[in-house]
There are 2 protein chains.
Amino acid sequence: MGSKERIHRLKENTRGNILDAAHEIVKEEGWQALSMRKIADKIEYTAPIIYEYYANKEAILLELTKKGFMLLACRMKEAAAQHTDLDEQIEALWLAYWNFAFEEKEYYQLMFGVEVNCCIMDELLPAGTTPYDIAAVPIAKVMGIEDTEDDRVCTKYYTYWSIIHGLISINIVRKGTSDEINRQILKDAITGITRSLRN
Amino acid sequence: MGSKERIHRLKENTRGNILDAAHEIVKEEGWQALSMRKIADKIEYTAPIIYEYYANKEAILLELTKKGFMLLACRMKEAAAQHTDLDEQIEALWLAYWNFAFEEKEYYQLMFGVEVNCCIMDELLPAGTTPYDIAAVPIAKVMGIEDTEDDRVCTKYYTYWSIIHGLISINIVRKGTSDEINRQILKDAITGITRSLRN
DNA sequence: AATTTTGTCTAACGCTGTTAAATTATTTAA
DNA sequence: TTAAATAATTTAACAGCGTTAGACAAAATT
């Protein structure tokens, strides 16, 4: 009776293949070029089969969004874990965010840029895995506040997030600006905001 | 023989109507719902007629992008003109940018958010009408630098732009955060960066 | 071995941007 | 005023899209 499980495993496998195929297509041709028929081609099936695994195209994008957030959370946690000093933790974690946005540009675009997906970020993810959940901890500590949901923490978090997401968006859209200048802005802004946490 | 001109005027008029129709549809139903056939319906023609006025759909979007930048430039200039103090000018001009993004959300989305349009912003617009051209002037003055293209000015400009564009993007995507907190972040960030211009 | 269930595909619908050809209306020339 | 030429507009079509229903074959169950 292990055949039931074998089949189940095969189905799970195909579910994953669909996601991988979609990601590949997007990396090669961009989000605009992603179509159900192309995904089907890549996994060597016909298009309607996909609807056996996902309700529709949007569901696939949502699942990819989720994967993106998971990946981002990993990178940020790893980066923070390599420092003990809180200021360094904050800088490292935001640098990881920055790097993720460009190394996994397709994910980042899906997560924040292109569409209105992901707006329900908080409901979508398990507790402790949103950027907020991760970043708010050291921020609150520096500010000497216990509750990470405190409005003052929230405000500072948004200040960080804004400048970084802003810089990223600008750089995705206009590829002109030099990397050195961007890094400079980023570091300046981060240390600047961090200093302001103590007032 | 003024009929030639009359016809020319009519054609120019239709060109404008196409743009207006597109903008209306987007305001009612969003960018995703914009189609050539809907535009044609609205101007009481059939779809192929539009290709007599614009090469394709992208050309229409590009023209709308241009209009958006023009409008934004106006708002920013007006706002700055109402103050003599440079700090106040900067704050007013960025507040105008902020307001534009929400009052003309569709334009702003087209200009920065949704697609990869507009990336050639600089080549697209007449000199002196990009946000940079406008904002760099008072920034340079406060910094005591003559050349508005100076790297130091450029860096500070991007710092402003990033945090503002970031905040806006975040707010377009996640509608949760309260207006008061956003305003607070915005003002804090702006005055903060402005102070740093003098170091 | 017959029947049910499962997996997969073909065909189709209504939508999209876009083009070519046919048709109608308008202007010009005789 | 009528005939020819030009311009304006529409109809029909193509290839692609997301999606669904129905047919068909393979596998599992009875």
Side-chain angles (χ1 to χ4, degrees), chain A residues 1-19 21-26 28-65 106 110 114-117, chain B residues 1-26 28-65 106 109-110 114-117:
Chain A
M1 296 298 141
S3 71
K4 255 272 145 65
E5 280 190 32
R6 195 198 75 238
I7 284 168
H8 186 262
R9 247 182 299 123
L10 272 175
K11 282 206 107 186
E12 275 302 307
N13 192 46
T14 310
R15 247 187 89 86
N17 288 346
I18 290 171
L19 249 41
H23 191 206
E24 261 188 66
I25 292 163
V26 170
E28 288 161 8
E29 309 179 57
W31 286 107
Q32 219 173 16
L34 182 64
S35 82
M36 299 300 259
R37 284 172 173 89
K38 275 187 195 165
I39 295 174
D41 266 12
K42 205 142 224 165
I43 61 170
E44 294 180 304
Y45 275 108
T46 50
I49 269 292
I50 303 175
Y51 293 86
E52 219 83 3
Y53 296 88
Y54 295 95
N56 48 35
K57 193 182 179 183
E58 210 187 326
I60 295 174
L61 296 183
L62 210 69
E63 200 71 21
L64 281 172
T65 304
E106 296 77 24
L110 182 60
V114 183
E115 282 293 340
V116 199
N117 301 93
Chain B
M1 298 299 137
S3 70
K4 257 272 146 66
E5 279 189 34
R6 196 198 74 238
I7 285 168
H8 186 264
R9 246 182 301 123
L10 272 175
K11 281 206 108 187
E12 277 300 308
N13 192 46
T14 310
R15 247 187 89 86
N17 288 345
I18 290 171
L19 250 41
D20 291 345
H23 191 206
E24 262 188 65
I25 293 163
V26 170
E28 289 160 7
E29 309 179 56
W31 286 108
Q32 220 173 16
L34 182 65
S35 82
M36 299 301 258
R37 283 173 174 88
K38 275 187 194 163
I39 295 174
D41 266 13
K42 206 142 224 166
I43 62 170
E44 293 180 303
Y45 275 107
T46 51
I49 267 292
I50 302 176
Y51 293 86
E52 219 83 3
Y53 297 88
Y54 295 95
N56 48 35
K57 192 181 180 183
E58 211 186 325
I60 295 175
L61 297 182
L62 210 70
E63 200 71 20
L64 281 172
T65 304
E106 297 77 24
Q109 277 185 114
L110 182 59
V114 183
E115 282 293 341
V116 198
N117 302 93

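Chain identifiers are assigned alphabetically (A, B, ...) following the order of the sequence lines, protein sequences preceding nucleic acid strands; residue numbering begins at 1 within each chain. This is a predicted model, so every value here is computed, not measured.
Among all heavy-atom pairs drawn from B:Ala59 and B:Ala55, the shortest one is CB-N, 4.1 Å. Minimum heavy-atom separation, A:Ile25 to A:Ile39: CD1-N, 3.7 Å. Taking each heavy atom of B:Asn56 and B:Tyr51 in turn, the nearest pair found is CA-CE2, 3.9 Å.
When rounded to the nearest whole Å, the span between OH of A:Tyr54 and P of D:dT19 equals 14 Å. Taking atom CE of residue B:Met36 and atom C1' of nucleotide D:dA15, one finds them 16 Å apart after rounding to whole Å. Going from atom CD of A:Gln32 over to atom C1' of D:dC17 covers 12 Å, rounded to whole Å. Across the protein-nucleic acid pair, A:Ile50 atom CD1 and C:dG7 atom P stand 16 Å apart, rounded to whole Å. Regarding B:Tyr51, its OH atom lies at a distance of 23 Å from the P atom of D:dA7, rounded to whole Å. Counting to the nearest Å, the P atom of C:dT18 and the CD atom of B:Glu58 are 9 Å from each other. Remark: C1' of D:dG16 and CD of A:Glu29 are 14 Å apart, rounded to the nearest angstrom. Computed from coordinates, the A:Trp31 CH2 to D:dC17 C1' distance equals 17 Å when rounded to whole Å.
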Please tabulate, for side-chain N and O atoms in residues 12-24 of chain B, each donor-acceptor pair with protein atoms closer than 3.5 Å (sequence neighbours left out).
unit_1: B:Thr14; atom_1: OG1; unit_2: B:Leu10; atom_2: O; d: 3.0
unit_1: B:Arg15; atom_1: NH1; unit_2: B:Tyr53; atom_2: O; d: 2.8

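For B:Ser35, taking side-chain heavy atoms from C-beta onward, the closest of the listed nucleotides C:dT18, C:dT16, C:dT8 is C:dT16. Closest to the A:Lys11 side chain, of the nucleotides C:dT8, D:dG18, C:dG7, is C:dG7. Ranking D:dT19, C:dG17, D:dT9 by closeness to the B:Glu52 side chain, first place goes to D:dT9.
If you check residues 18-26 of chain B against DNA chain D, you find no residue with a heavy atom closer than 4.0 Å. A heavy-atom distance below 4.0 Å to DNA chain C is reached by these residues of residues 38-49 of chain A, ordered by number: A:Tyr45, A:Thr46, A:Pro48, A:Ile49.
For the pair B:Ile50 and B:Ile60, the minimum side-chain heavy-atom distance is below 4.5 Å. Side-chain contact between B:Trp31 and B:Leu61 is present, with heavy atoms from C-beta onward closer than 4.5 Å. At a threshold of 4.5 Å between non-hydrogen side-chain atoms, the residues A:Leu64 and A:Val26 do not count as touching.
Among residues at least two apart or in separate chains, side-chain hydrogen bond (donor to acceptor under 3.5 Å, both in side chains) pairs with a member in residues 36-48 of chain B are B:Glu28-B:Lys42, B:Glu29-B:Lys38.
Taking five base pairs at each end of the helix from C:dA1-D:dT30 to C:dA30-D:dT1 and finding the rotation axis that steps the C1' atoms of four pairs onto the next four gives two axes whose angle is 30°, to the nearest 10°.
For D:dG16, its base never sits under 3.5 Å from the side chain of A:Arg37 at any donor and acceptor pair.
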